[in-house]
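Following: one structure in structure tokens, then a few remarks.
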2 protein chains.
Amino acid sequence: MTAANPSSSSQAEFEKIDASFQMTVRDHVHRAMRSAIISGRFQPGQKINERNLAEQFGVSTTPIKEALRQLETEGLVEALPRRGVVIRFSMSWAEEMILARAALESMIAHLAAKRIDEKGKAALSVIATRMKEATASGDADSLIALNETFHDHVHKSSQCGYLAKLIERQQFYDASIRRVIHLDPTERQKALDEHVAIAEAIAAGDADKAERTMRDHVVRSGDTYLSIVFKKKGEV
Amino acid sequence: MTAANPSSSSQAEFEKIDASFQMTVRDHVHRAMRSAIISGRFQPGQKINERNLAEQFGVSTTPIKEALRQLETEGLVEALPRRGVVIRFSMSWAEEMILARAALESMIAHLAAKRIDEKGKAALSVIATRMKEATASGDADSLIALNETFHDHVHKSSQCGYLAKLIERQQFYDASIRRVIHLDPTERQKALDEHVAIAEAIAAGDADKAERTMRDHVVRSGDTYLSIVFKKKGEV
DNA sequence: ATTTCAAATCTGATATATCAAGTTTCACAC
DNA sequence: GTGTGAAACTTGATATATCAGATTTGAAAT
């Protein structure tokens with residue numbers, strides 16, 4: 001819907017401005033810590049000291065505690081009552097996060113295939129075409145952006161708000177590494193083929209195929225990521 | 001391992017007592033609020049006032065804020081920066097939580113079938129036998145407990161710590177309603193058949209069948225729950 | 001040298017105070 | 001009556017203070 005829509009009502013309709021862009025201290029800490037953990041800047045089992053953290057960020061312990069609760073619920077740290085929090089992130093944790101994302105993305109792809117409308121199919125097709133172009137021209141940055149657009153569109157088509165949010169929390173790809181991956185022509189082509197297959201399955205309403213191709217895509221691309229970050233050719 | 005094990009060392013070995021049973025105020029608030037939300041004691045979109053809540057619980061706002069951050073990350077409430085938190089739970093949210101659990105449980109069942117050892121198979125068989133007995137005798141309380149034991153055992157067999165934790169957070173079954181469900185002989189029998197099928201598939205190492213039967217089980221039993229709680233015969 | 005145990009210390013958990021953004025109220029102008 | 005806007009009020013966000021459980025330390029006992 002566009003900002004002004006005079007046809008349906010005498011009152012012009014505007015999107016409510018989203019307050020979520022506002023940055024609070026706790027969110028800043030949360031993002032910074034999350035990023036630090038998934039990029040390996042803490043050792044598994046390492047203890048986190050609230051006062052130290054607060055000092056490092058130059059804030060009080062209150063927003064620190066809140067950020068730690070969020071990380072705890074995400075499963076990236078573990079809180080031992082009255083003993084503090086320790087880092088819970090390792091290669092095996094990352095592997096499981098990929099599996100979780102594969103399970104959830106394939107479920108959401110299944111539903112998207114069932115629920116997508118004609119307009120959604122057209123939009124998906126446009127995204128796929130842009131991906132082909134960006135793949136051919138080797139535009140890694142565009143590909144990274146299109147990748148996100150593609151998955152977001154699948155989420156939207158599924159009409160699943162909860163699942164979409166849940167999937168977001170399984171994401172731990174780092175921008176710089178994604179760039180490295182997309183600069184490899186072989187990898188680019190694989191990802192393109194998979195995205196096209198997913199888009200076609202969804203557009204065709206083939207829920208089972210959408211589910212399968214999505215799962216394979218998430219697992220394969222996740223393994224590529226893992227093998228780079230953890231310097232190991234890993235099969236799950 | 002038993003508490004004392006003199007064979008391996010001159011030093012007696014004891015299980016470290018698990019500190020996780022300790023109840024902190026924030027955990028109490030978190031559980032209480034979670035339970036209240038999923039059992040419908042708040043309306044979707046309802047605003048939550050931190051000071052009111054603190055007063056109701058008779059505590060300060062600090063643990064309240066922490067509990068709200070946990071609920072936020074779980075997706076049960078939404079925090080609008082500097083405007084407070086609102087309830088985000090409705091029938092559609094519950095439906096999606098069931099789908100999420102189905103996706104994750106089927107993934108974990110798949111892995112369990114691949115990774116379970118002989119000892120694990122034997123234990124699973126014992127649980128299945130107990131379930132048959134409890135189903136025949138109509139012991140609802142035992143069935144509820146066995147149900148949990150069964151799923152926990154599948155989780156353990158899969159060797160997936162992260163996935164198991166994630167699944168826990170998709171659980172929103174209320175004890176009293178579970179009891180109602182298990183008191184129905186037809187429902188009991190359906191659940192038993194499904195559990196047996198899952199156990200057999202896992203024991204046979206048939207990962208795909210374990211995955212399918214687990215997903216169907218979670219979706220079907222979830223729908224039963226939904227239809228009771230939301231008083232609607234719901235197909236997803 | 002090893003064990004014991006209590007004091008000192010550290011640190012997470014909670015309470016209270018302060019600040020600032022958001023909301024409401026209401027007098028005033030048009 | 002409607003719209004404007006400033007003051008009053010509410011409330012989330014952050015900071016600081018206090019409390020209590022956990023860990024460490026070190027001297028005394030064996």
Side-chain angles (χ1 to χ4, degrees), chain A residues 10-12 14-33 37 42-43 45-74 76-88, chain B residues 6 9-33 37 42 45-74 76-88:
Chain A
S10 62
Q11 190 78 42
F14 291 97
E15 290 283 337
K16 284 202 190 83
I17 55 167
D18 187 359
S20 65
F21 70 89
Q22 285 200 34
M23 186 59 61
T24 109
V25 172
R26 73 157 177 270
D27 276 346
H28 173 76
V29 172
H30 175 223
R31 292 190 194 190
M33 285 294 292
I37 293 170
F42 290 97
Q43 292 305 308
Q46 183 178 341
K47 288 187 69 170
I48 300 298
N49 182 302
E50 292 183 357
R51 282 177 172 81
N52 286 165
L53 256 191
E55 196 178 3
Q56 285 184 46
F57 279 102
V59 299
S60 78
T61 60
T62 310
I64 298 287
K65 295 177 82 63
E66 293 185 78
L68 288 175
R69 292 288 91 49
Q70 301 185 243
L71 293 169
E72 179 192 358
T73 310
E74 279 183 290
L76 294 178
V77 305
E78 183 172 357
L80 308 167
R82 302 193 179 276
R83 304 170 108 239
V85 319
V86 297
I87 301 295
R88 279 278 173 273
Chain B
S9 159
S10 63
Q11 190 76 43
E13 295 173 16
F14 291 97
E15 288 285 336
K16 284 202 191 85
I17 55 166
D18 188 356
S20 64
F21 71 89
Q22 285 201 33
M23 187 59 62
T24 121
V25 173
R26 72 157 177 271
D27 276 344
H28 173 75
V29 173
H30 175 223
R31 293 189 195 190
M33 285 293 293
I37 293 170
F42 291 97
Q46 183 178 340
K47 287 187 69 171
I48 300 298
N49 182 302
E50 293 184 357
R51 282 176 170 81
N52 285 166
L53 257 191
E55 195 178 4
Q56 285 184 47
F57 279 103
V59 299
S60 78
T61 60
T62 310
I64 299 287
K65 295 177 82 61
E66 292 185 77
L68 288 175
R69 292 287 91 55
Q70 301 186 244
L71 293 169
E72 180 192 357
T73 310
E74 278 183 291
L76 295 177
V77 305
E78 182 173 357
L80 308 167
R82 302 197 177 274
R83 303 171 109 242
V85 319
V86 298
I87 301 295
R88 280 278 172 273

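Chain naming here is simple, since letters A, B, ... match the order of the sequence lines and numbering starts at 1 in each. Note that the coordinates shown come from a computational prediction; the quantities given were computed from them, not determined experimentally.
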Side-chain N or O of B:R26 less than 4.0 angstrom from OP1 or OP2 on C:dA13? yes
Phosphate OP1/OP2 of D:dA15: any A:S60 side-chain N/O under 4.0 Å: yes
Between P of D:dT14 and CE of A:M23, the distance in whole Å: 11 Å
Of A:E50 and B:R82, the one whose closest DNA chain C nucleotide lies more 5': A:E50
Give B:I48 one of three labels, base, sugar-phosphate or nothing, depending on what nucleic acid heavy atoms sit under 4.0 Å from its own. sugar-phosphate
Separation of A:E55 atom CD from D:dA15 atom P, in whole Å? 13 Å
Near B:Q46 CD, under 6.0 Å, is it more than 12 heavy atoms from other residues, nucleotides or ligands? yes
In terms of side-chain heavy atoms of A:V59, which of C:dT23, C:dT14, D:dA15 is nearest? D:dA15
Rounded to whole angstrom units, what separation is found between the CG atom of B:N52 and the P atom of D:dC9? 18 Å
Test A:I48 against A:F42 for side-chain contact (heavy atoms from CB on, under 4.5 Å), laying out the working first. CA-CA 9 Å; A:I48 300 298; A:F42 290 97; 3.7 Å; yes
hbond_proxy B:T62 side chain to C:dA13 base (donor-acceptor, 3.5 Å cutoff): no
Flag the pair A:H30 / A:E74 as yes when at least one side-chain heavy-atom distance between them is below 4.5 Å, and no otherwise. yes
Is A:Q22 near enough to C:dG22 that one of its side-chain N or O atoms lies under 4.0 angstrom from OP1 or OP2? yes
Closest-nucleotide ordering on DNA chain D, the 5'-leading residue of B:R69 and A:K47: B:R69
In terms of side-chain heavy atoms of A:P63, which of C:dT14, C:dT11, D:dT14 is nearest? D:dT14
Lys/Arg-Asp/Glu bridge criterion (N-O < 4.0 Å) met for A:E72, A:R69: yes
Starting from C1' on C:dG12, measure out to CG on A:L68 and report it in whole angstrom. 11 Å
Distance-minimising heavy-atom pair for A:I64 and A:E50: CG2-O, 4.1 Å
Looking at C:dA13, I'd like to know if its phosphate oxygens (OP1 or OP2) sit under 4.0 Å from a side-chain N or O belonging to A:K65. yes
Measure from the side-chain heavy atoms of A:R51 and tell me the nearest of C:dA13, D:dT11, D:dT16. C:dA13
Measure NE2/A:H28 against P/D:dT14 and give the value in whole Å, please. 11 Å
For A:L53 and C:dC10, what is the distance between atoms CG and P respectively, to the nearest whole Å? 18 Å
With a cut-off of less than 4.0 Å, is there a side-chain N or O of A:T24 near OP1 or OP2 of D:dT14? yes
